[in-house]
Undergrad: 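I am attaching a structure below and will ask some questions about it afterwards.
This one's a predicted model, so the numbers in the text were calculated from it and none came from an experiment.
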Amino acid sequence: MHEQQRQRAGELLHEKGIDAALFASPASVTWLTGFAPPIQTGPHPFAAAPPLVWWDGERFTLIVVDGLAGAAASFAAEPDGDVLAYRGYTIEAPIDSATHLSAALRNLWEGRSVTRTFRRIGLESWAAPAALRDALSDGPFAAVQWIPIDGWLAPLRMVKTEEEVQKLRENFRLTDIGHVAARNAVRAGAREIDVWLAARQAVEAAAGCRVPMGNDCVVGYRAENIGGWPLDHALRPGDSIIVDLSTIRYGYWSDSCATYVAGAPTPRQQAIHEVVGEALAFGASLLRPGAVAGEIDRQLRRFIADAGYPVYPHHSGHGVGVTGHEAPRIVPYSQEILAPGMVILLEPGIYFPGETGVRLEDAFLITEEGAIQLTTHEKRL
């Protein structure tokens, strides 16, 4: 898995004169290896660090606490991949995973430094926890030049491989299923959390496993009705509700949004919904290779303003992949240029706090000819 990603990363590091590198960002680890830790209620309780990837100039080694060794084992079958597990949980001695991680890193170093000299080592320093920084501060690591490589992989991640597109398609399929269930659950008397749970149950039933989910499920009469976690706010007859769903499967994210109404929409809601739908279709027509992200954002905002409505305060869209928001971002300042293989979300909206709001969102794959829509959820009121 992810051979193309590792090849592109290796070429970049060689070009920059990097002898070896240690990746600590979860996004980088998943992008390089295809590995994503199983669902936890936070960081692994016995791990000194999140999963790491060590590149020695040729091979990539996925470093995990022993509790994740089984889930990571498939990466060891890759021609350029290995898996190294260090001790986390034990009943024979106090838990000291930081010491075991340090020893694992030294073994990696010594194993390859016999045939290679490491002088310039790249490090994703912002994602490195204290235990990892301590492990790299003395011994054989102390004499090398550490080069910050934070953000180096982000531009490479913008253009997706076929393997990545397939993983994204599976996530969009799940959010489409979630929206069907959410729409059916919207009725007077139902709470935000009821609508959310209906979507979640449908998604996990379709996936056959637990699936992390975001993002928003908010009734229109909330004072801050642009987004937020579902609570026990009940839908009244005629209330709108924004349902923005993401799933995380195989380490990749989806995103999508629709707005529903409990009962018949008012003429005002219908008019707002039509404008947002037209804005979304207009934005989709702008998606093509060579288009500038900031210009798409500008035209979408002007579309809403020209229709006589307040312009939304959030982004017009964004990329998606191993994180929920990736470059290119469809925001005013962005000069990023769209290219084939990018997956872009567009999500214009109109909001009247405390009354009603509408946001619609679809995903698109940029191709040589334009864009292909990847989400199919129904967005009518």
Side-chain angles (χ1 to χ4, degrees), residues 158 172 175 179 215-216 218 220 222 224-227 240-246 254-261 265-320 324-340 342-367 369-381:
M158 286 196 292
F172 292 130
T175 51
H179 275 291
N215 302 317
D216 306 312
V218 294
R222 279 207 206 185
E224 297 182 0
N225 65 356
I226 293 177
S240 63
I241 182 169
I242 290 174
V243 180
D244 192 318
L245 298 179
S246 290
S254 61
D255 204 352
S256 59
C257 189
T259 301
Y260 309 115
V261 172
T266 65
R268 177 174 169 84
Q269 289 171 331
Q270 190 67 53
I272 293 170
H273 191 276
E274 287 179 4
V275 170
V276 176
E278 291 167 357
L280 180 59
F282 172 64
S285 74
L286 303 176
L287 297 176
R288 62 177 63 90
V292 179
E295 177 62 18
I296 296 172
D297 178 90
R298 185 184 67 80
Q299 293 199 50
L300 274 173
R301 293 180 193 279
R302 184 163 60 183
F303 188 99
I304 297 292
D306 287 349
Y309 291 100
V311 177
Y312 48 89
H314 53 73
H315 48 264
S316 294
H318 54 89
V320 69
H325 280 232
E326 296 192 347
R329 298 188 67 211
I330 313 300
V331 290
Y333 67 82
S334 178
Q335 295 301 308
E336 291 165 326
I337 298 174
L338 303 193
M342 292 181 177
V343 175
I344 305 293
L345 280 299
L346 292 180
E347 50 179 318
I350 295 173
Y351 309 94
F352 291 93
E355 178 191 347
T356 192
V358 172
R359 181 166 71 250
L360 303 175
E361 182 179 26
D362 274 320
F364 302 88
L365 171 65
I366 307 301
T367 69
E369 293 75 30
I372 297 173
Q373 187 171 320
L374 299 178
T375 42
T376 64
H377 60 292
E378 177 62 59
K379 288 173 286 298
R380 62 178 172 81
L381 283 178

Undergrad: Within the side chain of Asp255, is there an N or O that forms a donor-acceptor pair under 3.5 Å with the backbone of Ala363?
TA: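 No; judged by distance alone, with no hydrogens or angles, the pair does not exist.
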Undergrad: Where is the tightest heavy-atom contact between Ala305 and Val311, given as atom of each residue plus distance?
TA: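 Taking Ala305 first and Val311 second, the nearest heavy atoms are CB-CG2, 3.8 Å.
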Undergrad: Calculate, to the nearest 0.5 Å, the distance between atoms CE and CD belonging to Met342 and Glu326 respectively.
TA: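 With rounding to 0.5 Å, CE (Met342) is 11.0 Å from CD (Glu326).
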Undergrad: Would you say Arg301's side chain and Pro348's backbone share a donor-acceptor pair under 3.5 angstrom?
TA: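 Flag not set: sc Arg301 to bb Pro348 has no pair under 3.5 Å.
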Undergrad: Any donor-acceptor pair under 3.5 Å linking the side chain of Ser254 with the backbone of Ser246?
TA: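 Judged by distance alone, no pair lies under 3.5 Å.
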Undergrad: Can you tell me if Thr375 uses its side chain to pair, donor with acceptor, with the backbone of Phe172 under 3.5 Å?
TA: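 Side chain of Thr375 to backbone of Phe172: no pair is present.
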Undergrad: Whether the Ser240 and Thr356 side chains hold a donor-acceptor pair (N or O, under 3.5 Å, no angle test) is what I'd like checked.
TA: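 There is such a pair between these side chains.
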Undergrad: Which heavy-atom pair separates Ile296 from Leu338 by the least distance, and what is that distance?
TA: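 Closest approach of Ile296 to Leu338, heavy atoms only: CD1-CD1, 3.7 Å.
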Undergrad: Using modelled atom types and a 3.5 Å cut-off, is there a donor and acceptor pairing between side-chain atoms of Asn225 and backbone atoms of Val218?
TA: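 No, because the side chain of Asn225 does not come within donor-acceptor range (under 3.5 Å) of the backbone of Val218.
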Undergrad: Work out which heavy atom in Asp244 is nearest to a heavy atom in Ser256; give both atom names and the distance.
TA: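 Of all heavy-atom pairs spanning Asp244 and Ser256, the closest is OD1-O, 3.0 Å.
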Undergrad: Give every donor-acceptor pair under 3.5 Å between a side-chain atom in residues 273-286 and any protein atom, sequence neighbours left out.
TA:
unit_1, atom_1, unit_2, atom_2, d
His273, NE2, Lys379, O, 2.7
Ser285, OG, Phe282, O, 2.5

Undergrad: Quick one, Asp362 with His377, criterion side-chain contact (heavy atoms from CB on, under 4.5 Å). Give me CA distance, side-chain angles, the key distance, then yes/no.
TA: CA-CA 8 Å; Asp362 274 320; His377 60 292; 3.3 Å; yes
Undergrad: List in chain and number order the residues that pass ring pair (Phe, Tyr, Trp, His ring centres under 6.0 Å) with His318, two or more places apart in sequence or in another chain; answer none if no residue qualifies.
TA: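 Ring pair (Phe, Tyr, Trp, His ring centres under 6.0 Å) check on His318 returns His315, His325.
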Undergrad: For Leu300 versus Ser316, what's the shortest heavy-atom pair and its separation?
TA: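 It is CD1-CB, 3.9 Å.
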Undergrad: Enter the distance from Gln270:CD to Arg380:CZ here, rounded to the nearest 0.5 Å.
TA: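 Gln270 atom CD to Arg380 atom CZ measures 11.0 Å (nearest 0.5 Å).
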Undergrad: Please check this pair: side chain of Arg359 against backbone of Glu347, looking for a donor-acceptor N/O pair closer than 3.5 Å.
TA: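 No; zero donor-acceptor contacts below 3.5 Å.
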Undergrad: Can you measure from CD1 (Ile344) to CD1 (Ile330) and round to the nearest 0.5 angstrom?
TA: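 The CD1 atom of Ile344 sits 5.0 Å away from the CD1 atom of Ile330.
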Undergrad: With rounding to the nearest 0.5 Å, note down the distance linking CG in Leu346 to CG in Leu360.
TA: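 Going from the CG atom of Leu346 to the CG atom of Leu360 covers 11.5 Å.
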Undergrad: In Å, rounded to the nearest 0.5 Å, how long is the span from CZ of Arg298 to CD of Glu295?
TA: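 Result: 4.0 Å between the selected atoms.
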Undergrad: Quick one: pull up CD in Glu361 and OG1 in Thr175 and give me the separation to the nearest 0.5 Å.
TA: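 Interatomic distance, Glu361 CD to Thr175 OG1, rounded to 0.5 Å: 9.0 Å.
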Undergrad: If I compare all heavy atoms of Ala327 with all of Glu336, which pair ends up nearest, and what's the gap?
TA: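 So the two residues come closest at CB-OE2, 3.4 Å.
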Undergrad: Give me the ring orientation class for His314 and Tyr351: parallel if the planes are under 30° apart, tilted from 30 to 60°, perpendicular past 60°.
TA: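 Judged by the thresholds at 30° and 60°, the geometry between His314 and Tyr351 is perpendicular.
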Undergrad: Are any non-hydrogen side-chain atoms of Pro313 and Ile226 less than 4.5 angstrom apart?
TA: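 Heavy-atom side-chain distance check passes, below 4.5 Å.
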Undergrad: Is it the case that atom CD in Glu224 sees more than 12 heavy atoms from other parts of the structure closer than 6.0 Å?
TA: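 12 or below, so no.
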